[in-house]
Amino acid sequence: MSFSEKTIRTLEFDKVCAMLADCAETEGACAMAQNLRPSADRVTVRRRLDRTTDARRLADAKGAPSFGKIRDISSACERAEKGAVLSMRDLLDIASVLRTARTLTDYSTGNHPFDTVLDEVFARLLPDRRLEERITHAILSEDMMADEAPPTLADIRRKIRNENARIREVLQKMISGSPKYLQENIVTMRGGRYVIPVKAECKNEVKGLIHDTSSTGATIFVEPMAVVDANNEIRLLQTREEREVERILAELSALVGDSADAIWLNYRNINDLAFAFACGELSTRMKGVAPHLSEGREVDLVQARHPLIDKEKVVPIHLSLGQDFDTLVITGPNTGGKTVSLKTLGLFALMTQAGLHIPCDETSCICLYDDIQVDLGDEQSIEQSLSTFSSHMVNIVSIMHEIGPGSLVLFDELGGGTDPVEGAALAVAVIEAVRQAGAACVATTHYAELKAYALDTPGVCNACCEFDVDTLQPTYRLIIGAPGKSNAFAISEKLGLS
C-alpha cells in the first residue's frame with residue numbers, strides 16, 4: 001500500500017527528502033531523494049536501512065567516495081547504440097561515468113575494513129579504462145579536440161598554422177609597403193578569409209577580391225591576389241579538419257554504442273551508491289540511528305528529536321505506543337508540544353519505512369505501518385464553504401474508509417471547532433471506531449472527557465506535555481501515563497488575577 005501525498009506533505013516528509021537531496025552528489029541521486037517514498041514491505045525496509053547503515057559505516061571508516069558530479073548519459077547511450085554520432089560534451093560525460101566507476105571500484109577493493117550490503121552494488125560496476133582514456137586523450141573540452149587524436153589531425157592543424165603564418169607574412173609586407181592605400185595598418189578577416197582594409201578611393205591600387213565594406217563606405221576589405229590561393233588552401237584544410245573531427249567522434253561513438261549497456265548500468269549503479277551515501281550523510285548530520293524493527297505493533301522512541309526543529313532548540317521526547325495500549329490521548333496547553341509529538345511519531349515512521357535513520361537513542365524501536373492517516377491543523381476551506389469543524393469531519397470520514405489493522409491514525413485537536421460537549425462525544429466515538437478497525441491511534445485534545453475516557457478504557461493511555469507553572473513556559477517534555485492540565489487557574493494567578 002502506498003502512503004498518500006497528503007500524509008507525506010502534512011508530516012513534512014517532503015522536507016526531509018529535500019534535506020536528503022542536499023546530501024546527494026549526483027543529479028540522479030538527487031532525483032531519487034526527492035522522489036523517495038516509504039514502503040510497507042518489511043524486507044524492503046530492512047534492506048534500505050542496512051544500506052544506509054553500511055554507507056555511514058564506510059564513510060566513518062574511510063571517508064565517503066567521490067562521485068564526480070556525473071550527468072545523465074542514458075540518452076547519449078541510446079543514441080550511440082542506434083548509430084548516432086555523439087557530441088564532445090556527450091563523450092566527456094560518458095568518460096566521467098567510466099572514471100567514476102573505476103574510482104569507486106578502487107574505493108571498494110582498497111582498504112576493505114568489513115563486508116557491507118553495498119559490496120554487491122560496487123561489484124556490479126564495470127570500469128572500462130581503455131574507452132575512458134580513448135575519450136579523454138582525444139577530447140580536451142566540449143569544443144576542443146586534442147591534436148594527438150589521431151596524428152592525422154595534428155598534421156592537418158600544423159599545415160593550417162603554417163599557411164596562416166605565410167599569409168600573415170605576405171600581408172604584413174604589403175601593409176608595410178603600401179601604407180598610403182590603407183585605412184589602417186592591420187590584417188583582419190571576413191568570411192573566414194584574410195583581408196586588409198583599403199581606402200575606398202584606392203580600391204584599384206590593390207588587386208584582389210572585395211569581401212566587404214564598412215558601414216560608412218569609406219573602407220573596403222580586400223583579399224589580395226597574392227594570398228587567394230593560400231586562403232583557399234586553408235579553407236580546404238579546415239574542411240579536412242572538420243571531417244577528421246567528425247570521423248573521430250563517429251569512431252568514439254561507435255565504441256560507446258558497443259558498450260552502451262555496460263555504461264548505462266554503471267550510471268545506474270553509481271547513482272544507487274550516491275543515494276546510499278547521501279542517506280548515510282543525512283544520518284550523520286542529524287545524528288540518526290537505525291531503529292529496531294518490532295515484529296508486532298510496538299513503538300518506543302527514546303530521546304526522539306524532530307529533525308526539522310533547530311538542533312539547539314529541539315527537546316527530546318520519549319513516546320511509546322502499542323505495548324500495553326494501542327491508543328494515546330495527549331493533552332496539555334497550547335504551544336506545549338502536543339502537535340510536535342504527534343508529527344514526530346508520524347514522521348519517524350515514514351523515515352524508517354523509507355530506509356532513513358531517525359534522530360533518537362539507539363535503543364528505540366518502531367513498527368511498520370501499512371498506511372498512516374492524518375488529520376492535522378486547520379484545514380478550513382473557503383472555496384468549499386467548509387468551516388474548520390466541517391473540514392475536519394470531511395477528512396475524518398475519508399480516514400474511516402481507509403484504515404485497517406495495520407494503520408496508524410493521527411488526530412490533532414480531535415472534535416475541536418464545535419460545541420465542547422458534542423465535540424468530546426464525537427471524539428470518543430471516532431477513537432472507538434478507529435480501535436475497532438484495529439488501527440493504532442494518537443490524538444491530541446483539550447477535552448477533559450477524553451482524559452476520563454483514557455483513564456477508564458483498557459488499551460487507551462493518557463499523556464501530557466509538561467508545563468512549568470513557575471516560569472509560565474512549556475518544557476515540551478512528553479509524559480506518558482498522566483493526563484495534562486490546562487493550567488488556566490495557575491497561569492491566571494501568576495499573572496496577578498485575584
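It should be emphasised that the depicted structure is a prediction, and the values quoted were computed from it without experimental measurement.
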Does the side chain of [Y] come within less than 4.5 Å of [X]'s, by heavy atoms?
X    : Y    : answer
V299 : L301 : yes
L86  : I94  : yes
R193 : R235 : yes

So, are [X] and [Y] salt-bridged, with charged N and O less than 4.0 Å apart?
X    : Y    : answer
K69  : E27  : no
D60  : R57  : no
R102 : D128 : no
R129 : E132 : no
R243 : E246 : no
D93  : R89  : yes
K338 : D412 : no

Item to check | Main-chain N/O of A40 paired to T44 side chain as donor or acceptor, under 3.5 Å | outcome: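 No: the side chain of T44 does not pair with the backbone of A40.
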
Item to check | Residue among I403, N395, T10, L410 satisfying side chain to side chain contact (heavy atoms under 4.5 Å, CB included) with Q373 | outcome: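 Single side chain to side chain contact (heavy atoms under 4.5 Å, CB included) partner of Q373 among I403, N395, T10, L410: I403.
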
Item to check | side-chain contact (heavy atoms from CB on, under 4.5 Å) assessment of L321 paired with L408 | outcome: CA-CA 10 Å; L321 183 69; L408 170 65; 4.1 Å; yes

Item to check | Residue pair R37, E5: steps toward the side-chain contact (heavy atoms from CB on, under 4.5 Å) verdict | outcome: CA-CA 9 Å; R37 290 297 179 265; E5 287 302 308; 3.0 Å; yes

